[in-house]
Number of protein chains: 2
Amino acid sequence: MSSAKLPGRRATLKDVAAALGVSPATVSNAYNRPDQLSPALRERILIAARELGYLGPDPLARNLRRGQAGAIGVVYADRLSYAFADPAAALFLQGVASATEQAGLSLLLLPTPDSPDTVTSAAVDGFVIYCLPEGSSSLQAALSRGVPCVLVDQLVSYGQPAVYIDDEGGAHQAAQHLLDLGHRTFGILSLELQFPRRRGRPCTDREAGASFRPPLERLSGYRRAIESAGLRWEEAVQVLEANENSPEEGETLARELLSGERAPTALLAMSDQLALGALRAAANLGLRVPEDLSIVGYDDVPSAGALNLTTVHQPTVRKGRLAGELLLAQLAGETPAAPELLPTELVVRGTTAPRRTVPTHP
Amino acid sequence: MSSAKLPGRRATLKDVAAALGVSPATVSNAYNRPDQLSPALRERILIAARELGYLGPDPLARNLRRGQAGAIGVVYADRLSYAFADPAAALFLQGVASATEQAGLSLLLLPTPDSPDTVTSAAVDGFVIYCLPEGSSSLQAALSRGVPCVLVDQLVSYGQPAVYIDDEGGAHQAAQHLLDLGHRTFGILSLELQFPRRRGRPCTDREAGASFRPPLERLSGYRRAIESAGLRWEEAVQVLEANENSPEEGETLARELLSGERAPTALLAMSDQLALGALRAAANLGLRVPEDLSIVGYDDVPSAGALNLTTVHQPTVRKGRLAGELLLAQLAGETPAAPELLPTELVVRGTTAPRRTVPTHP
DNA sequence: CTGAAAGCGCTAACAA
DNA sequence: TTGTTAGCGCTTTCAG
């Protein structure tokens with residue numbers, strides 16, 4: 001009747017065994033392999049356990065013994081709380097989760113990208129590495145762990161399985177669309193190219209020393225389209241680099257571009273979040289979209305549809321699922337296939353229109 | 001020079017110690033407490049480790065030894081991949097993450113609510129339990145783990161710290177708003193009341209045996225407002241229960257309500273996701289919102305603003321953060337305060353308007 | 001069907 | 001500054 005929790009420490013499997021005069025192995029079996037012992041004995045064991053306050057096998061000890069953690073780690077370029085605020089990151093995680101949950105694995109989301117220690121000591125069977133700054137210590141730490149890794153949207157693959165998006169192609173489509181509509185001056189709202197972050201006009205070396213693949217590829221897609229149209233990049237384009245992927249930041253940057261002397265007639269944003277901010281900036285400046293200003297986003301997150309934003313679709317959920325599947329394949333001992341390049345596609349909605357011909361003289 | 005990875009098994013700390021003729025503790029210190037040994041020796045150890053292919057202390061063994069996992073677990077009412085698709089869940093997780101990341105803890109997201117085994121063997125120092133069906137085995141498993149738990153939006157608190165939302169009050173405000181606008185017939189798009197799920201009109205016993213707190217509270221808030229206005233619930237209201245919280249489901253249910261004989265003039269949706277579907281159904285049926293039909297959502301997720309949806313705001317991020325903080329407090333040995341009830345507030349936007357007076361005879 | 005033995009790899013007292 | 005000791009709590013052959 002009385003739960004005999006004699007000592008201060010918590011009861012262990014051994015205590016239960018001792019109390020019943022059976023071996024620890026038998027108690028273990030009662031929990032892990034019910035078929036390995038008689039129902040009667042099992043019942044007795046479970047009852048004794050309850051009375052002793054034994055709560056079942058300790059997961060930490062079990063993990064050590066079994067040599068596996070039952071979880072896969074996800075390392076992301078930003079603070080974890082930010083990952084949930086970024087719709088594109090949420091879609092990606094949704095994809096990863098859809099793969100891992102089928103295998104019964106949990107997802108261990110690491111709190112921040114700038115604590116290699118957390119990476120070093122995370123109890124995981126593998127890592128999905130998403131957009132880490134090239135050369136960062138967390139990236140290094142994950143790769144050195146000796147567990148399978150999958151790299152997503154990274155510049156370098158370090159011989160690991162990797163998933164890529166055709167960002168260059170998507171950006172090219174976006175810029176080409178605007179060129180086809182007659183636009184000749186562009187503002188680019190760029191995601192952070194380099195780590196550590198800095199807001200402002202990126203100088204050339206900042207591009208050369210870029211830490212992130214997506215903005216680099218997108219920039220070069222934009223450039224290819226614009227230069228192929230016979231325009232000179234420096235004259236036709238103004239680039240501003242965000243120090244955060246948020247609507248607020250997009251609004252700030254767009255306002256700066258749009259209220260300057262050489263205000264562009266079209267904006268290329270490297271994310272829908274930035275584009276959303278640009279939309280607000282335009283509204284605040286009294287510019288009508290798309291009549292006065294065309295805007296193209298990137299990612300095609302769910303709210304882009306609601307906002308009727310012309311944008312570049314990337315298969316973000318699929319990207320995540322693929323990453324998860326590649327990791328599972330490695331865990332299963334399969335040799336993974338070559339890196340995958342997923343397609344992008346321009347989705348024309350309501351924020352782009354032909355450039356209005358402005359009378360040169362009033 | 002040659003990396004001497006002699007045996008098949010991976011090198012351990014002990015191997016490094018043996019190779020150098022030092023004690024395991026010293027090697028351990030080289031990694032965990034650099035100040036406890038001379039830089040020179042530490043350097044030698046690190047070099048030897050590299051040569052032996054030793055990758056640093058095994059997290060699993062370290063966890064066991066230290067008796068802590070460095071992660072907090074989150075159990076959610078649905079498949080994990082769904083949590084990322086539900087904007088409200090993402091906001092909640094954002095809040096939890098913002099609390100735990102400051103403590104340097106990772107978030108272990110469990111793959112599905114219907115696998116108590118995963119809960120039982122998750123390597124975590126505590127659980128945030130979010131909207132689990134009352135009486136579910138996962139809930140039971142988490143509470144039996146003997147680690148701190150925080151319950152969020154649960155019917156029963158089991159003596160644990162808990163966080164609640166004033167759902168009854170929020171729902172009351174929503175219904176009152178519609179009543180004030182002259183509406184007298186209502187359709188309610190309900191979240192699942194009971195587990196297992198079932199779509200359709202909930203009978204009374206389904207409400208009595210409800211597994212989830214939010215829909216129950218919201219229903220009773222709606223009811224209080226409507227009956228206080230002197231209307232008879234059964235006559236004024238049609239309730240349809242969703243079997244999933246998605247726009248698609250909302251669209252299906254709304255269509256059913258709106259194309260029936262006694263089509264209501266106003267819809268109360270228990271989530272913005274369902275309301276979004278209702279908006280689509282209205283559009284498909286040629287109903288103008290808000291002229292022909294008023295719609296109120298619930299949650300106030302980011303896209304509600306973009307869609308100009310009248311809805312009930314709940315402080316979802318704060319709810320998550322609070323849950324995280326309560327868990328951290330327990331982990332720190334503090335005795336947590338009484339359960340918290342967070343406020344809700346109606347946000348009137350563009351999807352509600354006075355009931356149009358319809359000519360009774362043509 | 002049950003038990004004995006042998007660690008999994010590490011860390012934290014404490015001792016030297 | 002470094003080493004010794006003693007497990008953390010469990011699982012898994014393998015014998016009986």
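Because the structure is a prediction, the values reported are computed rather than measured.
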Check every strand shown and say whether B:L64 touches a base, only sugar-phosphate, or nothing at a heavy-atom separation below 4.0 Å.
base
Rounding to a whole Å, what distance do you find between [X]:[atom1] and [N]:[atom2]?
X     : N      : atom1 : atom2 : result
A:Q68 : C:dC8  : CD    : P     : 17 Å
B:R44 : D:dT2  : CZ    : P     : 9 Å
B:L20 : D:dG3  : CG    : C1'   : 14 Å
A:D58 : D:dT11 : CG    : P     : 9 Å
A:R10 : D:dC10 : CZ    : P     : 10 Å
B:I45 : D:dT1  : CD1   : P     : 13 Å
B:K14 : D:dT5  : NZ    : P     : 13 Å
B:L60 : D:dT11 : CG    : C1'   : 14 Å

For the residue pair A:Q330 and A:C149, what are the closest heavy atoms and their distance?
NE2-O, 3.1 Å
Side-chain (B:E101) to main-chain (A:L80) donor-acceptor, under 3.5 angstrom:
yes
Does a nitrogen or oxygen in the side chain of A:T26 sit under 4.0 Å from OP1 or OP2 of C:dT2?
no
Across all chains, not counting sequence neighbours, the side-chain contact (heavy atoms from CB on, under 4.5 Å) partners of A:S137 are A:P116
Kindly state whether the ring of B:F84 and the ring of B:Y76 have centres lying under 6.0 angstrom apart.
no
Between the protein and nucleotides 11-13 of chain C, list every N/O to N/O distance that falls short of 3.5 Å.
unit_1 : atom_1 : unit_2 : atom_2 : d
C:dT11 : OP1    : B:N32  : ND2    : 2.9
C:dT11 : OP1    : B:R62  : NE     : 3.0
C:dT11 : OP1    : B:R62  : NH2    : 3.4
C:dT11 : OP2    : B:S28  : OG     : 2.8
C:dT11 : OP2    : B:N32  : ND2    : 3.2
C:dT11 : O2     : B:R65  : NH1    : 2.2
C:dA12 : OP2    : B:R33  : NH2    : 3.3
C:dA12 : O4'    : B:R65  : NH2    : 3.4

5′-ward residue of the pair B:L41/A:T12 relative to DNA chain D
B:L41
Do B:D153 and B:K319 meet the salt-bridge criterion of a basic N to acidic O distance under 4.0 Å?
yes
Can you tell if the side chain of A:L139 reaches within under 4.5 Å of the side chain of A:Q154, non-hydrogen atoms only?
yes
Please tell me if the side chains of A:D114 and A:S138 come closer than 4.5 Å, counting only heavy atoms from C-beta onward.
no
